[in-house]
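Notes to accompany the following structure.
Keep in mind it's a predicted model, so treat the numbers as computed, not measured. Chain A is the first sequence line, chain B the second, and so forth, proteins listed ahead of strands; every chain is numbered from 1.
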Amino acid sequence: MIQLYNSLTRKKEEFKPLGEEVKMYVCGVTVYDDSHLGHALSSIVFDVLDRYLEFRGYKVKKVQNFTDVDDKIINRANADKVPWQEITEKYIESFFKSSDGLNVRRATVHPRATEDMPEIIELINRLIDAEAAYELGGSVYYRVRSKSDYGKLSGQNIDEMIEGTRNEESRKEDPADFALWKAVKPEEPNWDSPWGPGRPGWHIECSAMAFKHLGEQIDIHGGGLDLIFPHHENEVAQSESASSKTPFAGVWIHNGLLRTTGATMSKSLGNAFNVNSALEEFSSDAIRLWILQSHYRTNPLLDKKLIGDAERSMRRIRQAVEAVPVVSEKSLDPEPFKRRFVEAMDDDLNTPQALAAIFDLCRKMNRTRADGNDVSSAADLVRELTSALGFNLAAPPKKVESLNDSEVGALVQKRKDARAEKRWGDADAVRDQLDAAGISISDTGDETEWTRK
RNA sequence: GGCGACGUGGCCAAGUGGUUUAAGGCGGAGGUCUGCAAAACCUCUAUUCGGCGGUUCGAAUCCGCCCGUCGCCUCCA
């Protein structure tokens with residue numbers, strides 16, 4: 001039984017999808033800049049959820065949108081003096097490059113707001129018909145007072161909320177009403193609608209795309225903790241008002257946000273935040289391990305040192321799996337570790353505990369292999385479990401300009417000769433040279449093996 | 001003002017009433033192996049969970065107060 005924490009009820013609940021196929025919607029990014037490690041965190045968390053559900057035998061349909069019309073995009077286009085479509089194309093491409101680099105599986109569908117305009121307009125019409133929305137000067141607003149349980153997701157109360165907001169000049173019926181459709185402003189991208197030219201408000205696209213690609217009721221809705229209010233709150237309201245079906249989403253899952261340590265970190269934020277540059281320095285596995293060693297609802301600490309630590313930890317797993325197999329009658333039964341893993345993951349994706357099971361298994365493998373046991377089925381299990389968490393067990397990127405294989409081979413031979421003649425000083429000098437080039441060597445009996453670090 | 005999160009070893013981080021005198025990772029110390037290393041393995045590295053009270057046979061885990069850190073309420077994964 002899989003239990004997941006539901007932000008709506010603030011409790012762990014048994015996961016029960018409505019149908020055969022799990023319908024999961026994850027809020028995507030607004031494409032106006034490169035992805036940073038905060039996006040990576042969210043991508044990885046929902047990638048793990050997707051993969052784990054599949055590991056547990058579910059079929060998953062995952063939808064993740066691109067918000068490709070928005071103030072920030074328009075501003076960026078103006079700043080760069082290019083058409084806004086050029087901005088969105090560029091950063092959608094960048095997003096995929098980052099996610100692919102992070103070994104995040106693509107969603108089943110990646111819809112774009114601008115491509116589902118008819119559905120967005122139709123949904124707004126339904127809301128007007130249901131008297132949950134009203135037109136005003138070419139814009140359309142959602143009437144928050146029309147839904148008695150408005151605020152249930154974020155625990156906000158409309159009246160208390162209004163006190164905290166600044167009182168902007170507006171003719172809206174209620175200050176808390178939010179825009180479903182924004183009337184066109186000069187020089188802005190716009191689409192025709194029954195209320196005149198304009199563009200969709202931020203929240204409506206997600207409801208429209210969820211309805212279109214998954215249906216009016218979905219199993220899982222995910223996103224960052226920072227989206228609970230107003231975005232997800234408004235999404236629930238408009239979706240349930242339009243469909244008259246409750247709940248819109250069976251479980252709301254929110255990942256924690258990245259945390260940084262004071263002033264020291266902020267200096268290097270620029271680079272540390274960019275996923276593509278982080279991937280030049282660290283393996284995708286290290287980035288993923290750094291994130292999954294914390295629970296997804298906590299706020300992981302962003303610190304390059306920790307990602308470096310994770311890189312070393314990954315090497316332990318890789319080495320255990322890749323070690324030369326022993327052929328033997330005796331073998332290690334890894335089942336208890338699999339049970340531990342499943343039990344941990346079933347409990348609201350407790351990845352730190354799941355990883356502890358994997359690390360323990362790796363140690364057990366090394367120990368029992370040394371005692372002459374066949375650990376190949378254990379190695380297969382480690383591959384299976386790490387893969388369910390999205391690790392690819394690939395080596396980290398090369399840090400320095402490295403030697404090619406034949407150059408390494410020549411140096412290894414040179415050292416071998418030196419060792420045979422017990423010229424230890426010469427042998428160690430070659431080893432230092434290789435080490436500086438990112439090659440580590442190990443002597444096992446007469447053989448010398450080398451690997452790129 | 002409103003909603004909410006957090007404070008566990010040198011660092012990161014699970015655990016949320018007894019099987020935990022607290023998992024796992026990184027780092028550190030010693031050892032085995034090795035020409036020396038690397039890797040691996042073994043041992044050690046919090047009698048203690050921000051502080052003070054309380055509930056209980058029993059608390060890191062529940063309650064109260066205090067101290068500290070942080071997020072959201074405006075764009076944000």
Side-chain angles (χ1 to χ4, degrees), chain A residues 7 10 26-30 32-33 35-46 64 67 70-72 75 151 153-157 159-166 168 176 202 222-231 233 254-262 289-290 292-295 297-301 303 305-317 319-320 322-323 340 344 347 350-360 362-371 418-419 422-425 427-428 431-432 434-435 440-445 448-451 453:
Chain A
S7 302
R10 296 168 199 227
V26 179
C27 277
V29 294
T30 301
Y32 69 101
D33 206 346
S35 298
H36 58 238
L37 285 173
H39 298 116
L41 162 62
S42 188
S43 298
I44 288 169
V45 165
F46 291 103
Q64 183 175 32
T67 297
D70 166 271
D71 287 343
K72 287 192 293 282
N75 294 342
L153 181 65
S154 57
Q156 304 274 348
N157 162 300
D159 295 310
E160 284 169 353
M161 233 167 52
I162 291 168
E163 285 179 34
T165 58
R166 38 193 94 114
E168 57 196 71
W202 177 32
L225 214 51
D226 52 347
L227 294 178
I228 289 183
F229 191 89
H231 188 235
E233 190 69 72
H254 291 99
N255 61 270
L257 306 177
L258 229 42
R259 171 172 53 106
T260 53
T261 51
L289 181 64
W290 157 62
L292 297 182
Q293 275 191 311
S294 303
H295 183 84
R297 273 189 290 109
T298 62
N299 305 124
L301 185 62
D303 184 339
K305 182 192 165 290
L306 294 174
I307 307 178
D309 288 351
E311 194 80 83
R312 284 184 284 281
S313 305
M314 280 317 298
R315 198 155 60 201
R316 270 172 64 73
I317 296 177
Q319 253 148 2
E322 289 165 5
R340 257 178 80 189
D347 183 15
N350 192 331
T351 53
Q353 284 292 354
L355 286 162
I358 291 173
F359 280 112
D360 280 344
C362 287
R363 180 180 301 108
K364 184 107 180 191
M365 282 165 66
N366 289 330
R367 196 188 307 163
T368 50
R369 186 193 307 102
D371 293 341
R419 291 184 74 219
K422 298 196 191 301
R423 287 184 282 113
W424 306 126
D428 291 349
R431 185 168 61 202
D432 291 345
L434 286 165
D435 188 66
S440 61
I441 55 176
S442 69
D443 303 314
T444 46
T448 295
E449 292 181 10
W450 63 271
T451 49
K453 281 191 273 197

Next on the checklist: Can you build the contact string for nucleotides 20-35 of chain B? Use B for base contact, S for sugar-phosphate-only contact, and - for no protein heavy atom under 4.0 Å.
Outcome noted: ---BSSSS-------B

Checklist entry - Are A/Ser442 and A/Glu449 linked by a side-chain donor-acceptor pair shorter than 3.5 Å? => result no

Checklist entry - Looking at side-chain heavy atoms only, is the closest gap between A/Asp443 and A/Arg419 below 4.5 Å? => result yes

Next on the checklist: Holding to side-chain contact (heavy atoms from CB on, under 4.5 Å), I want the full list of residues that pass it with A/Gln319, two or more places apart in sequence or in another chain.
Outcome noted: A/Arg315

Checklist entry - How many Å lie between CG on A/Leu301 and P on B/C12, as a whole number? => result 6 Å

Item to check | A/Phe229 CZ to B/C72 P, straight-line distance once rounded to whole Å | outcome: 14 Å

Checklist entry - How about A/Asn255 and A/Leu225: do any of their side-chain heavy atoms sit closer than 4.5 Å? => result no

Checklist entry - How far, in whole Å, is B/C73 from B/A60 if one measures between their P atoms? => result 37 Å

Checklist entry - Contact class for A/Ile228 vs. all strands (heavy atom < 4.0 Å): base, sugar-phosphate, or nothing? => result nothing

Checklist entry - When you check the phosphate oxygens OP1 and OP2 of B/U69, does a side-chain N or O of A/Arg259 lie under 4.0 Å from one of them? => result no

Checklist entry - Does some side-chain heavy atom of A/Gln293 sit less than 4.5 Å from a side-chain heavy atom of A/Pro352? => result no

Checklist entry - When you measure from the side chain of A/Asn350, which nucleotide among B/A14, B/A40, B/A77 comes out closest? => result B/A14

Checklist entry - Could you state the interatomic distance from CG (A/Asp435) to CG (A/Asp428), rounded to the nearest 0.5 Å? => result 11.5 Å

Item to check | Distance, rounded to the nearest Å, where A/His231 contributes NE2 and B/G71 contributes P | outcome: 22 Å

Checklist entry - To the nearest angstrom, how far is A/Asp371 atom CG from B/C42 atom C1'? => result 12 Å

Item to check | A/Thr67 side chain reached by A/Val29 side chain, heavy atoms, under 4.5 Å | outcome: no

Checklist entry - Rounded to the Å, how far apart are A/Leu225 CG and B/C73 C1'? => result 13 Å

Item to check | Sugar-phosphate only, base, or nothing, as touched by A/Ser294 at under 4.0 Å among non-hydrogen atoms | outcome: sugar-phosphate

Item to check | ring pair (Phe, Tyr, Trp, His ring centres under 6.0 Å) partners for A/His39, two or more places apart | outcome: A/His36

Under 3.5 Å, which N/O atoms of the protein pair with N/O atoms of nucleotides 5-7 of chain B?
none

Checklist entry - If we take the C1' atom in both B/C12 and B/U34, what is their distance in whole Å? => result 33 Å

Checklist entry - Do A/Leu153 and A/Phe229 come close enough that some side-chain heavy atom pair is under 4.5 Å? => result no

Item to check | Separation between the C1' atoms of B/A23 and B/A13, rounded to whole Å | outcome: 10 Å

Checklist entry - Quick one: side-chain contact (heavy atoms from CB on, under 4.5 Å) partners of A/Arg367, sequence neighbours excluded? => result A/Arg363

Checklist entry - Does some side-chain heavy atom of A/His295 sit less than 4.5 Å from a side-chain heavy atom of A/Thr351? => result no

Checklist entry - Using atom C1' of each nucleotide, how far apart are B/G24 and B/A14 to the nearest Å? => result 7 Å

Checklist entry - For atom C1', what is the distance between B/C44 and B/G35, given to the nearest Å? => result 29 Å

Checklist entry - Got A/Trp450 and A/Leu434 here, is their nearest side-chain heavy-atom distance under 4.5 Å? => result no

Item to check | Min side-chain heavy-atom separation A/Arg259-A/Thr298 under 4.5 Å | outcome: no

Next on the checklist: Rounded to whole Å, how long is the line connecting atom NE2 of A/His295 with atom P of B/U16?
Outcome noted: 11 Å

Item to check | Whole-angstrom distance between B/G28 and B/G68, as gauged at atom C1' | outcome: 29 Å

Next on the checklist: Once you apply a heavy-atom cut-off of 4.0 Å, does A/Gly223 come out as touching a base, just sugar-phosphate, or nothing?
Outcome noted: sugar-phosphate

Item to check | C1' gap between B/C26 and B/C66, integer Å | outcome: 34 Å

Checklist entry - When Watson-Crick pairs (N1 to N3 and N6-O4 or O6-N4) and G-U wobble pairs (N1-O2 and O6-N3) count only below 3.5 Å on both distances, what is the dot-bracket string of RNA chain B, with | for other-strand pairs? => result ((((((((.[[[..)..(.....]]]((((((.......))))))....[[[[[..)....]]]]])))))))....

Next on the checklist: Nearest heavy atom decides the nucleotide; on that basis, is A/Gln156 or A/Arg367 closer to the 5' end of RNA chain B?
Outcome noted: A/Gln156

Item to check | Integer angstrom distance from the P of B/U16 to that of B/U61 | outcome: 12 Å

Next on the checklist: Strictly distance-based, threshold 3.5 Å: is any side-chain N or O of A/Ser42 a donor or acceptor partner for the main-chain N or O of A/Gly38?
Outcome noted: no

Checklist entry - For A/Leu227 and B/C73, what is the distance between atoms CG and P respectively, to the nearest whole Å? => result 10 Å

Checklist entry - Checking all strands, does A/Arg10 fall into the base, sugar-phosphate, or nothing category for heavy-atom contacts under 4.0 angstrom? => result sugar-phosphate

Next on the checklist: What's A/Gly222 touching, base or sugar-phosphate or nothing? Going by heavy atoms closer than 4.0 Å.
Outcome noted: nothing

Next on the checklist: Does A/Asn255 reach a base, just sugar-phosphate, or nothing at all? Heavy atoms under 4.0 Å.
Outcome noted: base

Checklist entry - For the pair made of NE2 in A/His254 and P in B/C72, what is the distance, rounded to whole Å? => result 14 Å

